Amino acid sequence: MDDQEWIGGKHSLLEAMRAGRTINKVWVAEGAQKHLTQPIIAEAKQHGIIVQFVDKRKLDQMAPGLQHQGVVAQVAPYAYVEVEDLLQRAEQRGEPPFLLILDEIEDPHNLGSILRTAECTGVHGVIIPKRRSASITATVSKTSAGAVEYVPVARVTNLAQTMEQLKEAGVWIAGTDVDAKEDMYAAGQVLSGAVAIVIGNENKGMGRLVREKCDVLLKLPMAGRLNSLNASVAAGVIMYEALRRRRAIG
């Protein structure tokens, strides 16, 4: 993707339009189901976006591999933000920062699912590294069911440095690690205050440097025999635990 990106699917497209994302044009498949296309056409008209009707095969060619449900749009590239913007967002809401740091999450579906849960649990923003990480693509947008338009994502060169920056701003860093001694439910007040939760890579977990920068390491209690949960499921569990604690205090 150079200076253009494609998004497809009713929810992703509606959320992108409602969030004010710059959309150049919308293509709708002829004969696509009305309940999928009508809300898109109405929203596009409201925003003055051109809609063109084309053969479904044309959409398949334009956005190969994308489950587009008969609607595709060409959009300006995803606008990443700065870490400062995430902290500011928390301040504007009068809440202690609640951030996620994703240490080399590679699967775009995992990233999309994590963003979707982040939006549901009130996370102020997500931080990803520029290298060896999934970035915001059409697949991520689709998996996140439009949440990608509402959860700001900062992309940084050096995660360890960013963690230091957050610590200086009074944010505690909680890493998730299967070998941690401390259980998530015994995490004291860490999850209820200003916190950034680190989720490690799907296979390797957190990198050594990132792990060393954590203030506390937490594990998810495991009652079964398997020692690991899918990264997005693990992230969801700990985000909801943080939300529960924050509500108890609020």
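Keep in mind it's a predicted model, so treat the numbers as computed, not measured.
- Counting non-hydrogen atoms of neighbouring residues, nucleotides and ligands closer than 6.0 angstrom, the CD atom of Glu164 exceeds 12 such neighbours.
- Of all heavy-atom pairs between Gly200 and Ile105, the closest is O-CD1, 3.3 Å.
- In terms of modelled atom types and a separation under 3.5 Å, the side chain of Lys167 and the main chain of Lys213 share a donor-acceptor contact.
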Listed pairs under 3.5 Å, donor-acceptor, residues 11-21 side chains, sequence neighbours left out:
{"from": "Ser12", "atom 1": "OG", "to": "Ser141", "atom 2": "O", "distance (Å)": "3.3"}
{"from": "Glu15", "atom 1": "OE1", "to": "Tyr150", "atom 2": "OH", "distance (Å)": "2.9"}
{"from": "Arg21", "atom 1": "NH1", "to": "Glu149", "atom 2": "OE2", "distance (Å)": "2.9"}
{"from": "Arg21", "atom 1": "NH2", "to": "Ala76", "atom 2": "O", "distance (Å)": "3.2"}

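- Through direct or relayed side-chain contacts under 4.5 Å between Ile, Leu, Val, Met, Phe, Trp and Tyr, Leu87 connects to Val81, Val83, Leu86, Leu99, Ile101, Ile127, Val156, Leu159, Met163, Leu166, Val171, Ile173, Val198, Met206, Val210, Leu217.
- We find that Lys219 and Asp177 are not joined by a salt bridge, their nearest charged nitrogen and carboxylate oxygen being 4.0 Å or further apart.
- Within the model, atoms OG1 of Thr143 and CG of Asp107 stand 8.0 Å from one another, a figure rounded to the nearest 0.5 Å.
- Between atom CE of residue Met62 and atom CD of residue Gln74 there is a gap of 7.0 Å, rounded to the nearest 0.5 Å.
- When side chains are defined from C-beta on, Ile238 counts as touching Leu218, because their heavy atoms get closer than 4.5 Å.
- With rounding to the nearest 0.5 Å, the separation of OG in Ser232 from CD1 in Ile199 is 9.5 Å.
- Using a 4.5 Å cut-off between side-chain heavy atoms of Ile, Leu, Val, Met, Phe, Trp and Tyr, with links allowed through other members, Val216 and Val237 fall into the same hydrophobic cluster.
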Going through the checks in order, is the side-chain contact (heavy atoms from CB on, under 4.5 Å) test met by Glu241 and Leu191?
CA-CA 8 Å; Glu241 175 61 12; Leu191 292 178; 3.9 Å; yes

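- Between Leu209 atom CG and Gln161 atom CD the span is 9.5 Å, to the nearest 0.5 Å.
- Hydrophobic cluster membership differs between Val123 and Leu243, with clusters built from Ile, Leu, Val, Met, Phe, Trp and Tyr side chains linked at under 4.5 angstrom.
- Side-chain contact between Ile114 and Met239: present, with at least one pair of heavy atoms (C-beta onward) separated by less than 4.5 Å.
- In this structure, the side chains of Val126 and Ile128 come closer than 4.5 Å at one or more pairs of heavy atoms.
- The shortest heavy-atom contact between Pro108 and Thr137 is CB-OG1, 4.3 Å.
- Distance alone, capped at 3.5 Å, places no donor-acceptor pair between the Arg247 side chain and the Ala242 backbone.
- Between atom CD1 of residue Ile41 and atom CD of residue Gln46 there is a gap of 13.5 Å, rounded to the nearest 0.5 Å.
- Using a 4.5 Å cut-off on side-chain heavy atoms (C-beta onward), Thr22 and Val75 make no contact.
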Checking Val54 against Leu59 for the side-chain contact (heavy atoms from CB on, under 4.5 Å) test, could you report, in this order, the C-alpha distance in whole Å, the side-chain angles of both residues, the deciding distance, and whether it holds?
CA-CA 8 Å; Val54 292; Leu59 295 190; 3.7 Å; yes

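- The list of ring pair (Phe, Tyr, Trp, His ring centres under 6.0 Å) pairs with a residue in residues 51-97, not counting sequence neighbours, reads Tyr78-Tyr80.
- Looking only at side-chain heavy atoms (C-beta outward), Pro152 and Arg89 come within less than 4.5 Å of each other.
- A ring pair (Phe, Tyr, Trp, His ring centres under 6.0 Å) check over residues 18-40, counting only residues at least two apart or in different chains, returns the pairs Trp6-Trp27.
- To the nearest 0.5 angstrom, Thr176 atom OG1 is 9.5 Å from Arg211 atom CZ.
- In this structure, the side chains of Arg246 and Pro96 come closer than 4.5 Å at one or more pairs of heavy atoms.
- Residue pairs satisfying the ring pair (Phe, Tyr, Trp, His ring centres under 6.0 Å) criterion with at least one member in residues 91-127, sequence neighbours excluded, are absent.
- Without hydrogens or angle criteria, Glu202 side chain to Glu106 main chain gives a donor-acceptor distance under 3.5 Å.
- In the hydrophobic clustering of this structure, Val28 does not group with Leu36; members are Ile, Leu, Val, Met, Phe, Trp, Tyr whose side-chain heavy atoms approach within less than 4.5 Å, directly or through other members.
- Within the 4.5 Å cutoff, the side chain of Pro39 has heavy atoms near those of the Lys10 side chain.
- Side-chain atoms of Asp85 come within 3.5 Å of backbone N or O of Glu82 as a donor-acceptor pair.
- Between the side chains of Gln52 and Lys25, at least one donor N or O lies within less than 3.5 Å of an accepting N or O.
- Counting only residues at least two apart or on different chains, the salt bridge (Lys or Arg N to Asp or Glu O under 4.0 Å) pairs with a member in residues 44-73 are Asp55-Arg57, Lys56-Asp60.
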Residues Val26, Ile40; criterion side-chain contact (heavy atoms from CB on, under 4.5 Å); working and verdict
CA-CA 9 Å; Val26 172; Ile40 300 284; 4.0 Å; yes

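- A donor-acceptor pair under 3.5 Å is absent between the side-chain atoms of Asn110 and the main chain of Ala231, judged by distance alone.
- Glu84 and Gln165 form a side-chain donor-acceptor contact under 3.5 Å, judged by distance and modelled atom types alone.
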Could you give me the CA-CA distance, side-chain angles and deciding distance for Glu119 and Val148, then say whether side-chain contact (heavy atoms from CB on, under 4.5 Å) is met?
CA-CA 8 Å; Glu119 206 265 325; Val148 72; over 6 Å; no

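- The local environment of CD in Glu212 is crowded, with over 12 non-hydrogen atoms from other residues, nucleotides or ligands closer than 6.0 Å.
- Considering every non-hydrogen atom in both Val190 and Ala174, the closest pair reads CG1-CB, 4.1 Å.
- Side-chain contact check for Val153 versus Leu115: some heavy-atom pair is nearer than 4.5 Å.
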